[in-house]
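These notes are about the structure you will find just below.
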Amino acid sequence: MIYHCNRLTLRPDASPEQVEEALESLRNQGRVIPSVKSFVVGRDFGGDYEWGAVFALEDLEGYWEYLIHPAHRNTDRVGLPLVDKFVSFDVTDDPDPEMAAKIAELHQRRYDNDAELTKLVSDLGEYSGSAAPGKHGG
């Protein structure tokens, strides 16, 4: 299993309606993307972030389906413009020593094929994650 985790803090000028739309879009990802086996979206406690989401995926094929699904793209469109700080990371029990590189390749392929997404992520105040684009890249 791969647990894809997101932690985020929204900009202070995000309206309650915008926040709810973005959170509902995250929840919708969990409900409608076939490769998502379970999910949670809610408050983030114990760190520097306000909100969190975790999506359980069985394998890299399901991860790719998750990344390119229209429900995920909707969350990018309505949510990323509201985000100040964002971190994305993965936890897996897969023993493949190349798993980190394989996950990063999926993200890189997505950025390479979606200039609008790349700009949205590049424009975030803070971002950490696989294949981070723009000023956030390593």
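Computed from a prediction, not measured in an experiment: that's the story for all the values here.
- Applying the ring-ring contact (aromatic ring centres under 6.0 Å, His included) test to residues at least two apart or on different chains, the pairs with a partner in residues 75-103 are F86-Y127.
- Between the E50 side chain and the L10 main chain, a donor and an acceptor come within less than 3.5 Å of each other.
- Between H72 and Y66, the angle of the ring planes goes over 60°, which puts this pair in the perpendicular group of the 30/60° scheme.
- The closest donor-acceptor contact from the side chain of Q18 to the backbone of S15 lies under 3.5 Å.
- If you chain together hydrophobic residues whose side chains sit under 4.5 Å apart, L117 and V78 never meet in one group.
- Heavy-atom minimum distance, Y3 versus A56: CE2-CB, 3.5 Å.
- No hydrogens or angles considered: a donor-acceptor pair under 3.5 Å links the side chains of D112 and Q108.
- Shown here is E61, whose CD atom has no more than 12 heavy atoms of other residues, nucleotides or ligands within 6.0 Å.
- A salt bridge links E116 with R73: the closest approach of a Lys/Arg side-chain nitrogen to an acidic carboxylate oxygen falls below 4.0 angstrom.
- With a 6.0 Å cutoff to the six-membered ring centre and a 45° limit on the axis angle, R7 does not count as a cation-pi contact of W51.
- Hydrophobic clustering (ILVMFWY, side-chain heavy atoms < 4.5 Å, transitive): I68 and I2 are in one cluster.
- Of all heavy-atom pairs spanning Y63 and D90, the tightest one is OH-OD1, 2.8 Å.
- Connection of L26 to Y49 is not established within any shared hydrophobic cluster, with ILVMFWY side chains joined at heavy-atom distances below 4.5 Å, either directly or through further cluster members.
- Ion pairing between E20 and R27 holds under the 4.0 Å rule for side-chain N and carboxylate O.
- Atom CD1 of residue I103 and atom CG of residue D96 lie 9.5 Å apart, to the nearest 0.5 angstrom.
- Atom CE of M99 is separated from atom CG of D94 by 3.5 Å, given to the nearest 0.5 angstrom.
- Other residues, nucleotides and ligands place more than 12 heavy atoms under 6.0 Å from the CG atom of N113.
- Of the possible donor and acceptor atoms, one in the side chain of T118 sits under 3.5 Å from a partner among the backbone N and O of Y111.
- Rounding to the nearest 0.5 angstrom, the gap separating the OG1 atom in T9 from the CG atom in D44 is 7.5 Å.
- V87 and L8 fall into different hydrophobic clusters, defined by Ile, Leu, Val, Met, Phe, Trp and Tyr side-chain heavy atoms under 4.5 Å apart, directly or through other members.
- If you take CZ on F39 and CD1 on I33, they are separated by 10.0 Å, rounding to the nearest 0.5 Å.
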Q: Applying side chain to side chain contact (heavy atoms under 4.5 Å, CB included), run through V41 and L23 and close with a yes or a no.
A: CA-CA 7 Å; V41 174; L23 294 174; 4.2 Å; yes

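- For the pair H69/V32, a side-chain contact is recorded, criterion being any heavy-atom separation below 4.5 Å from C-beta on.
- Q29 and T75 form a side-chain donor-acceptor contact under 3.5 Å, judged by distance and modelled atom types alone.
- When the shell of 6.0 Å around NZ of K37 is examined, it contains more than 12 heavy atoms from other residues, nucleotides or ligands.
- Between the S35 side chain and the G62 main chain, a donor and an acceptor come within less than 3.5 Å of each other.
- Between the CG atom of D76 and the CG atom of D114 there is a distance of 7.5 Å, given to the nearest 0.5 Å.
- A cation-pi arrangement is present between R109 and W64, with the terminal nitrogen or guanidinium carbon under 6.0 Å from the aromatic centre and inside a 45° cone about the axis.
- Expressed to the nearest 0.5 Å, how far CG of D123 lies from CG of L80 amounts to 10.0 Å.
- What you find for H107 and A131 is that their closest heavy atoms are CB-CB, 4.0 Å.
- Residues N28 and A71 approach most closely at ND2-CB, 4.0 Å, considering heavy atoms.
- No hydrogens or angles considered: a donor-acceptor pair under 3.5 Å links the side chains of N74 and S25.
- Residues E65 and P34 meet the side-chain proximity criterion, which asks for heavy atoms closer than 4.5 Å.
- What you find for H4 and L57 is that their closest heavy atoms are CB-CD1, 4.2 Å.
- Distance alone, capped at 3.5 Å, is enough to place a donor-acceptor pair between the T92 side chain and the M1 backbone.
- Nearest heavy atom pair, residue L124 against residue V83, reads CD2-O, 3.5 Å.
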